[in-house]
Asks: 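Here it is: the structure, laid out below.
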Amino acid sequence: MQIHLGELARLRAEGRQAGITSVCSAHPLVLRAALRHGRLHSSTVLIEATCNQVNHLGGYTGMIPADFAALVQHIAEEEDCPSELVVLGGDHLGPNPWRDRPAEEAMAEAEKMVAAYVDAGFRKIHLDASMGCKDEPIALDDETTARRAARLAAVAEASARRSGGAMPVYVIGTEVPPPGGADHALTTIEPTAAAAARKTIDIHRRVFEQAGLREAFTRAIGLVVQPGVEFGNHNVIFYDRSKIAELKSLLADEPQFVFEAHSTDYQGTTPLTALVEDGFPILKVGPELTFVLREALYGLDLIASDLVPDYGERPLYAAMEALMLAQPKNWSQHYHGTEAEKRWLRHYSLSDRIRYYWASSDAQSAVERLCDALRGKTVPLPLFWQHMPAARHFADAPLEPEQVLIWRITRSLADYHAACGAIKR
């Protein structure tokens, strides 16, 4: 069932729990899986891009916001996913990509970025100006953060009025884990203190009103807080609802808000369901979806190695290893240990920093070669049992490799769909 972002707080107040999955990925197969899943279930497809991934200068994907929006629209049309189900969001929009510059320079770029996002049709805007710029503390105080967020909101409001369509809804707050997960084994993560969350709301409300943005603040629907979930290279910290009783009570005093949960990857249906029930109906997922995509690609790589005489010995794995060694900047600061440990982390870390490499021409060529090698082949059941046992239903019939990949991504999306539930109108 389709759920609008602006409904979440009201539905919670009425005791009708419902959530929305936020898909944070630019990989075309992940987007296709999400849009196909949304069409099949007539459910909201919220797709978000981050400030580093997509911005007015291209980001690490090389896409500006209009490019990303066009990619999503193109895939949605191919999947017959109705446009009214699709919502685009911008995550961590602020000066972060330019924080090595003086604050005014970084904020000027952030303003251009926010305008580009809104002009391209993004209507869920996470305002994140919490990070310090050149010669500033790493993390800024609430007052400075709120003033910069209001400055960006003013740009978003003006851009929306100029470009037409619905006005943006906003998410504030920034107390989240490191993007893409932590670099070390984790033992525990403390949830945000209720007093800190309340202070964030109070200061933003006052600053927005002082800036003449009272009406815009009424469209602030979400607050990012730390629910106590996280994943690192090696392990996952699962949700413990017993730790957030005081934090959860804040929502009774702030009925316009719900919480937004970041880094919910790898939690599974039961913890995700508890998060939705406890006031976190916006569940963000990203690395898990490309992790399971890689899992399926490597499973098919093994099958092709055993099945196709001239395919070679795991050439996709070998190509990705060579690519990551030749271009180490996306993993070398995050993976540590012996050479053997760094090798397995490059491919199998839960932080999934291999995801930065799939768009390269070498990776795409290796994936195409894999898919071409298996397309139309009949894979015997024992090979699926050996390398991808959960995919055994694809055995003994002409194979479409892309369908295996989408199926695997959809299994993770199904956990989120089950947790988000369905409401009766």
Side-chain angles (χ1 to χ4, degrees), residues 1-12 18-28 30-51 53-54 63 65-93 114 116-128 153 156-157 159-160 163-172 216 218-224 256-262 264 276 280-286 289 413 416-417 419-423 425:
M1 168 117 12
Q2 183 178 14
I3 299 168
H4 298 286
L5 288 164
E7 295 182 289
L8 290 171
R10 176 180 59 80
L11 290 169
R12 173 173 171 77
I20 295 177
T21 306
S22 171
V23 173
C24 302
S25 178
H27 197 292
V30 172
L31 299 178
R32 188 173 299 279
L35 290 160
R36 183 177 299 181
H37 187 267
R39 171 179 59 81
L40 291 173
H41 294 276
S42 298
S43 58
T44 303
V45 186
L46 173 58
I47 295 173
E48 301 208 44
T50 69
C51 61
Q53 184 183 59
V54 174
M63 287 188 283
D67 296 332
F68 186 84
L71 173 64
V72 172
Q73 180 182 1
H74 174 71
I75 297 174
E77 289 172 352
E78 290 185 337
E79 293 296 327
D80 293 323
C81 182
S83 59
E84 60 267 22
L85 293 180
V86 182
V87 179
L88 295 177
D91 197 24
H92 296 289
L93 299 192
V114 168
Y117 265 87
V118 176
D119 287 344
F122 291 73
R123 285 300 182 268
K124 177 183 179 289
I125 304 297
H126 174 208
L127 301 168
D128 183 0
E157 294 288 292
S159 297
S163 58
M167 296 300 287
V169 298
Y170 298 103
V171 173
I172 61 172
T218 66
R219 286 182 266 108
I221 62 164
L223 176 68
V224 176
Q256 89 178 63
F257 284 95
V258 295
F259 294 136
E260 177 170 285
H262 290 223
T264 67
V276 173
F280 295 86
I282 303 174
L283 302 173
K284 301 182 85 73
V285 58
L289 301 179
L413 290 173
Y416 281 83
H417 185 72
C420 289
I423 59 171
R425 296 291 184 182

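One-based numbering along the sequence shown. Just so it is clear, the values below take in all heavy atoms, side chains as well, and ignore hydrogens, waters and symmetry mates.
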Asks: On a heavy-atom basis, which atom in G89 and which in Y117 lie closest, and how many Å separate them?
Replies: O-CE2, 4.4 Å
Asks: When you measure from the side chain of T44 to the backbone N and O of I3, does any donor-acceptor pair fall under 3.5 Å?
Replies: yes
Asks: Is there a side-chain contact between D128 and V224, using heavy atoms and a 4.5 Å cut-off?
Replies: no
Asks: What heavy-atom pair brings A116 and P65 nearest, and what distance separates the two atoms?
Replies: O-CB, 3.6 Å
Asks: Quick check: do R12 and F259 have side-chain heavy atoms less than 4.5 Å from each other?
Replies: no
Asks: Without swapping roles, check the side chain of E79 against the backbone of R32 for a donor-acceptor pair under 3.5 Å.
Replies: no
Asks: Could you grab the distance from atom CG of D80 to atom CG of L40, nearest 0.5 Å is fine?
Replies: 10.5 Å
Asks: What pair of heavy atoms forms the shortest contact from F122 to G90, and how long is it?
Replies: CD2-N, 4.0 Å
Asks: Locate the shortest heavy-atom distance separating S163 from R123; write the atom from each residue and the value.
Replies: OG-NH2, 3.4 Å
Asks: We want to know whether Y416 and T264 form a side-chain donor-acceptor pair, criterion being a heavy-atom distance below 3.5 angstrom.
Replies: yes
Asks: Does I20 reach the side chain of V87, with side-chain heavy atoms less than 4.5 Å apart?
Replies: no
Asks: Show the nearest heavy-atom pair for residues H417 and T21, with the distance to one decimal.
Replies: N-OG1, 4.3 Å
Asks: Just by distance, do the side chain of E48 and the backbone of K284 share a donor-acceptor pair under 3.5 Å?
Replies: no
